[in-house]
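A quick write-up on the structure given underneath.
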Amino acid sequence: MIYLDHAATTPLDPRVRDAMLPFLHESWGNASSIYQHGQQARHAIDTARETIAAELHCDPREIIFTSSGTESDNLALRGVLRAGGATAGHLITTTIEHPAVLRTAQDLEKDGLAATYLPVDEHGLVTAEQVTAAIRPDTKLVSIMLANNEVGTIEPIREIGKMIEKRRERGEPAPLLHTDAVQGAGSIDLNVKHLKVDLLSLSAHKCYGPKGIGCLFVRQGVQLRPMQTGGGHEHRQRAGTENVAGIVGFATALQLANKSCAIETARQTELRDYFIQQLQKEISNATLHGHPTDRLPNNVCISFAGIEAESLLLRLDFAGICASSGSACSSGSLEPSHVLLAMGIDTETAHSAIRFTLGKDTTKDELSTVVTETKKIIDNLRHLTS
Ligand code: PLP
């Protein structure tokens, strides 16, 4: 199998699995128990929290463990907008967010809160100026993703953060800034001070960690309304017995991802550009989507004129190649990607776009094979319909 769907999920790194195993076998205690067996689990969680905080350049008390990137996004949006029991307030986001943000924003709107969805340009970019123009006196939160999961475009979060910081210094209305950084782990610097964000979402399974564990960075002083009622876990912000093995695995995965970030980014960028160049050389009418340079090092979102993405994906699957159309969550439905449509791409082209996402084990040989197989399939499909 050639796996080119790392934006959907990544395999568990064996080093991460080894770090998790003791907490699935001998050290299975509840971290809230006062006896030693439970305290081993507590110690492991504390250490993992410190590791993640060091990677993000924040205080360990600013990390809340959740079940996923989806939950982190929900907690950021619902938590901030509903803080103090508020029933009014305004949110700024974009039209290309992951459904975890988009549908949450829409749900908040149903409850009477206001939301502005900023449009993007043809590369999927928003600007700090657009955000500035959308800020109202009642704007509580700006939520913009660090990098898009479908087209890989990297958004100017630091610039937006700087703009908000300046407004705060001048005493102007200055909302909090949240970024969904789920796709950025391992390829973008996640230093929250550098990014100037107040909240940041992450998910372990996108960086060779286990599924079902994520976290939300919440800058100290930010008021959140918890989504769950229950025990006092996670500084009373997220009730529920902790997923100890998941938390330990997440910390190990993030540490490993950050350690290899520079080398992997350079390696994957070179492979990505080779792959794009070969696809466009071998196959006619192949259009790359997303930003030409400000894009994730592993993302190749490309459409082939006249080809239904689903037909191509099925045939690639027969050839042992895994890729996807749109995001993992929306594939399966035949709706064209909301991201591509928001970028002004017509419906037919959006229907023919497929996403290849490279990973740390992807090789040039694999990519050459994928080019050959894709060309064969497309020649065949185009022949059938001509
Ligand atoms: N945000 C982005 C940008 C994503 O790509 C994903 C997953 O595809 C999520 C959030 C959701 O993360 P999880 O799968 O951990 O719920």
Side-chain angles (χ1 to χ4, degrees), residues 5-13 16 48-49 52-53 55-56 58 62-80 91 93-94 96-108 141-155 157 177-188 190 192 195 197-218 224 226-228 234 237-238 240 242-243 246-247 249-254 257-258 296 298-299 324 326-331 338-339 355 357 359:
D5 201 15
H6 291 83
T9 196
T10 52
L12 191 68
D13 187 307
V16 173
R49 200 186 304 279
I52 291 182
E55 296 302 328
L56 302 189
C58 68
E62 296 176 313
I63 299 294
I64 301 174
F65 287 113
T66 65
S67 67
S68 58
T70 299
E71 187 190 331
S72 300
D73 287 344
N74 268 267
L75 184 56
L77 268 64
R78 294 180 196 279
V80 169
L91 163 76
T93 185
T94 77
I96 61 157
E97 299 299 311
H98 187 273
V101 166
L102 272 185
R103 299 218 175 113
T104 305
Q106 289 158 0
D107 197 47
L108 287 165
L141 183 68
V142 173
S143 177
I144 297 181
M145 65 203 325
L146 187 56
N148 183 268
N149 47 306
E150 297 190 32
V151 296
T153 300
I154 298 171
E155 302 297 338
I157 297 303
L177 177 59
H178 165 246
T179 193
D180 173 341
V182 166
Q183 291 290 340
S187 46
I188 302 180
L190 297 176
V192 294
L195 288 171
V197 292
D198 302 291
L199 302 106
L200 179 143
S201 304
L202 282 176
S203 177
H205 76 100
K206 306 289 184 178
C207 58
Y208 306 92
K211 291 165 187 59
I213 183 77
C215 77
L216 180 66
F217 154 75
V218 184
L224 272 195
M227 292 198 296
Q228 281 152 228
E234 300 300 296
Q237 307 274 40
R238 199 271 182 183
E242 299 89 340
N243 171 0
I247 288 170
F250 184 12
T252 311
L254 190 65
N258 275 356
L296 289 172
N298 72 340
N299 177 290
S324 79
S327 70
C329 318
S330 61
S331 59
H338 71 283
V339 175
R355 179 188 72 181
T357 40

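Values in this document were obtained by computation on a predicted structure and should not be read as measured data. Counting begins at 1 with the first residue of the sequence.
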Per-pair distances, 0.1 Å, donor-acceptor, side chain in residues 197-204, under 3.5 Å, sequence neighbours excluded:
| residue | atom | partner | partner atom | Å |
| --- | --- | --- | --- | --- |
| Asp198 | OD2 | Leu177 | N | 2.8 |
| Ser201 | OG | Asp73 | OD1 | 2.7 |
| Ser201 | OG | His178 | NE2 | 2.8 |

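A 4.5 Å side-chain heavy-atom check between Asn149 and Val182 finds every atom pair outside the cut-off. Under the 4.5 Å side-chain criterion, counting only non-hydrogen atoms from C-beta, Arg355 is in contact with Asp5. With a 4.5 Å cut-off on side-chain heavy atoms, Asn298 and Ser187 do not count as touching. Side-chain contact check for Gln228 versus Glu71: some heavy-atom pair is nearer than 4.5 Å. In this structure the side chain of Asn148 never reaches within 4.5 angstrom of the side chain of Gln183, judged on heavy atoms. Side-chain contact check for Leu195 versus Leu146: some heavy-atom pair is nearer than 4.5 Å. Glu155 is listed as a side-chain neighbour of Ile96, based on a closest heavy-atom distance under 4.5 Å. Considering only heavy atoms from C-beta on, Leu56 stays 4.5 Å or farther from Glu62 through its side chain.
Nearest approach of Cys215 to Ser72, heavy atoms of both residues: O-OG, 3.0 Å. Of all heavy-atom pairs spanning Ile63 and Cys58, the tightest one is CD1-SG, 3.8 Å. Of all the heavy atoms in Asn74 and Ala100, the pair that sits closest is ND2-O, 3.9 Å. Nearest heavy-atom pair, Leu216 versus Ala76, reported as atom, atom and distance to 0.1 Å: CD2-N, 3.8 Å. The nearest pair of heavy atoms linking Glu242 to Ile247 is CB-CD1, 3.8 Å. Ala8 approaches Lys206 most closely through the heavy-atom pair O-NZ, 2.8 Å.
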Q | Leu141 vs Thr93, side chain to side chain contact (heavy atoms under 4.5 Å, CB included): CA-CA, chis, key distance, verdict | A | CA-CA 8 Å; Leu141 183 68; Thr93 185; over 6 Å; no

Q. Can you check side chain to side chain contact (heavy atoms under 4.5 Å, CB included) on Val218 and Leu75, steps first, answer last?
A. CA-CA 10 Å; Val218 184; Leu75 184 56; 5.9 Å; no

Q: Check the pair Leu91 / Ser143 against side chain to side chain contact (heavy atoms under 4.5 Å, CB included), numbers first and verdict last.
A: CA-CA 8 Å; Leu91 163 76; Ser143 177; 4.2 Å; yes

Q) Yes or no on side chain to side chain contact (heavy atoms under 4.5 Å, CB included) for Arg78 and Leu224, after CA distance, side-chain angles and deciding distance? A) CA-CA 8 Å; Arg78 294 180 196 279; Leu224 272 195; over 6 Å; no

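Residues satisfying the side-chain hydrogen bond (donor to acceptor under 3.5 Å, both in side chains) criterion with Asp180, sequence neighbours excluded, are absent altogether.
Rounded to the nearest 0.5 angstrom, Ser67 OG and Ile213 CD1 are separated by 8.0 Å. Separating the CZ atom in Arg103 from the CG atom in Leu108 is a distance of 14.5 Å, to the nearest 0.5 Å. To the nearest 0.5 Å, the span separating OG1 on Thr179 from CD1 on Ile157 amounts to 3.5 Å. Separating the CD1 atom in Ile154 from the CD1 atom in Ile188 is a distance of 4.0 Å, to the nearest 0.5 Å.
Between Glu97 and Thr94, the side chains place a donor N or O and an acceptor N or O closer than 3.5 Å (distance only, hydrogens not considered).
Taking the six-membered ring for Trp and thresholds of 30 and 60 degrees, Phe250 and Phe65 have ring planes more than 60 degrees apart, a perpendicular arrangement.
Of the options Leu254, Thr10, Thr9, Leu12, a side chain to side chain contact (heavy atoms under 4.5 Å, CB included) to Tyr208 is made by Thr10 and by none of the others.
No donor-acceptor pair closer than 3.5 Å links the side chain of Asp13 to the backbone N or O of Gly209.
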